[in-house]
Amino acid sequence: MTDYLQAVLAMLGPEEGHLTDPAAWLELEEELGRTLPADYKRIVDAYAPVQINGHLDLAHPASDSWNLGAVMRSTSATWAGSSWESHVTGPDDDPRVFCGLPQLSFGTPEGLVPLASTDQGAYVFAARQVHGFSEGVVVQGSEGDWVGHPMSFAEWLYRYLIGEEMAGWDSGTFYSGPVQMEYPPAVPGQPVREASGPERGM
């Protein structure tokens, strides 16, 4: 059985880890009223803030720029005021159904919590359960389609990185070679720093 967390860490390569801050996570989780998936926090602590393969953005709760708490608050407020249900066509693509929720909320203890996004318009959320799987992943793709993934964040990210359709309809894109990462400037005026993961033989 694949250890997806270790597989992702191996694919992304040497850890940055310069923002590891348990207190920042504790403060954020107290604000949310729930804990966040352990594998997600491990990956974020290892690499974020970062953009992966030119598209997927991960923020960090202890970062001044790309601050995860600020991103979660802003994204949750936007989604709470949106007509998200306009893209639902039936029970198969209704997050209320596959998450077992009487109503959908964002950034709340029982609702969807924003974890990541892409510059192509997809949003990745944590849910208490997806199709009966505890701590699953929900994605709203750039076309507005909702998909529930009954798997951990680490498995979702692994599958995303190998080119499976994990960020909405027709989103699967495989980038051969090492995973590419861009780190935002630590202070104003610094350039974006680029790094590569190890060779993947892919």
Side-chain angles (χ1 to χ4, degrees), residues 4 8 28 32-34 36-37 39-40 43-44 48-60 66-175 179-182 184:
Y4 287 103
V8 166
L28 177 57
L32 291 170
R34 60 163 293 176
L36 293 165
D39 61 336
Y40 170 73
I43 292 165
V44 167
V50 65
Q51 185 175 77
I52 300 175
N53 273 351
H55 296 300
L56 182 69
D57 295 331
L58 291 177
H60 195 286
W66 291 23
N67 178 269
L68 182 57
V71 169
M72 285 183 171
R73 285 188 291 275
S74 174
T75 303
S76 295
T78 298
W79 279 100
S82 74
S83 55
W84 62 266
E85 65 271 35
S86 64
H87 294 284
V88 172
T89 61
D92 290 343
D93 62 1
D94 190 334
R96 293 168 296 191
V97 174
F98 56 70
C99 292
L101 296 169
Q103 60 185 10
L104 197 62
S105 59
F106 299 90
T108 62
E110 298 303 323
L112 301 186
V113 176
L115 298 181
S117 63
T118 75
D119 65 354
Q120 298 161 318
Y123 289 86
V124 184
F125 301 90
R128 288 288 194 183
Q129 65 98 6
V130 176
H131 296 298
F133 181 90
S134 179
E135 298 294 347
V137 174
V138 174
V139 173
Q140 207 234 23
S142 59
E143 300 296 323
D145 51 316
W146 289 96
V147 181
H149 297 283
M151 61 186 66
S152 67
F153 178 79
E155 181 176 354
W156 178 88
L157 181 55
Y158 175 84
R159 294 181 181 278
Y160 174 85
L161 291 173
I162 64 172
E164 293 187 20
E165 196 167 282
M166 304 303 291
W169 182 81
D170 199 28
S171 64
T173 303
F174 175 67
Y175 295 91
V179 175
Q180 302 299 310
M181 290 169 284
E182 293 185 1

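The basis for the numbers below is simple: all heavy atoms, side chains too, and nothing from hydrogens, waters or symmetry mates.
Proximity of Leu32 to Met72: side-chain heavy atoms (C-beta onward) are separated by under 4.5 Å at one or more points. Looking at heavy atoms from C-beta onward, His149 lies in side-chain contact with Val139 at the 4.5 angstrom threshold. By the 4.5 Å heavy-atom criterion applied to side chains, Val147 and Asp93 are not counted as neighbours. Between Gln180 and His55 there is no side-chain heavy-atom pair separated by less than 4.5 Å. Contact check for Glu182 versus Val50: no side-chain heavy atoms found under the 4.5 Å cut-off. Tyr4 has its side chain within reach of Arg159: a pair of non-hydrogen atoms, C-beta onward, lies under 4.5 Å apart. Using a 4.5 Å heavy-atom cutoff, the side chains of Pro49 and Val44 are not in contact. Looking at Thr75 and Tyr123, their side chains come closer than 4.5 Å, going by heavy atoms from C-beta outward.
The two residues Cys99 and Val130 have their closest heavy-atom pair at SG-CG2, 4.3 Å. The two residues Phe133 and Ser152 make their nearest non-hydrogen contact at CE2-N, 3.6 Å. Nearest heavy atoms, Ala167 versus Ala122: O-CB, 3.6 Å. Here the closest non-hydrogen pair linking Gln140 and Trp79 is OE1-CH2, 2.9 Å. Closest approach of Ala59 to Ala48, counting heavy atoms only: O-CB, 3.5 Å. Shortest non-hydrogen contact noted between Trp146 and Leu112 is CZ3-CD1, 3.9 Å.
Below 30°, between 30° and 60°, or above 60°: for Phe125 and Phe106 the angle between ring planes is between 30° and 60°, a tilted geometry. Between His131 and Phe98, the ring planes lie tilted relative to each other; the angle falls in the 30° to 60° range.
A donor-acceptor pair under 3.5 Å links the side-chain atoms of Ser86 to the main chain of Ser83, judged by distance alone.
Residues satisfying the ring-ring contact (aromatic ring centres under 6.0 Å, His included) criterion with Phe153, sequence neighbours excluded, are Tyr40, Trp156. The salt bridge (charged side-chain N to carboxylate O under 4.0 Å, His left out) search around Asp94 returns Arg96, not counting sequence neighbours.
Once rounded to the nearest 0.5 Å, the distance linking CZ of Arg73 with CG of Leu28 reads 7.5 Å. To the nearest 0.5 Å, atom CG of residue Asp57 and atom CD1 of residue Ile52 are 9.0 Å apart. Separation of atoms CD (Gln129) and CG (Leu101) is listed at 7.0 Å; rounding is to 0.5 Å. For the atom pair Leu115 CG and Leu36 CG, the distance stands at 7.0 Å (nearest 0.5 Å). The structure places CE of Met151 at 14.5 Å from CD of Glu135, a figure rounded to the nearest 0.5 Å.
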**Request:** Decide side-chain contact (heavy atoms from CB on, under 4.5 Å) for Leu56 and Leu161; before the verdict, give the C-alpha distance in whole Å, the side-chain angles of both, and the deciding distance to 0.1 Å.
**Result:** CA-CA 10 Å; Leu56 182 69; Leu161 291 173; 5.8 Å; no
**Request:** Step by step, work out the side-chain contact (heavy atoms from CB on, under 4.5 Å) result for Trp66 and Val71.
**Result:** CA-CA 7 Å; Trp66 291 23; Val71 169; 5.7 Å; no
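Among residue pairs with one or both ends in residues 104-118, those qualifying as side-chain hydrogen bond (donor to acceptor under 3.5 Å, both in side chains) are Ser105-Thr108; sequence neighbours excluded.
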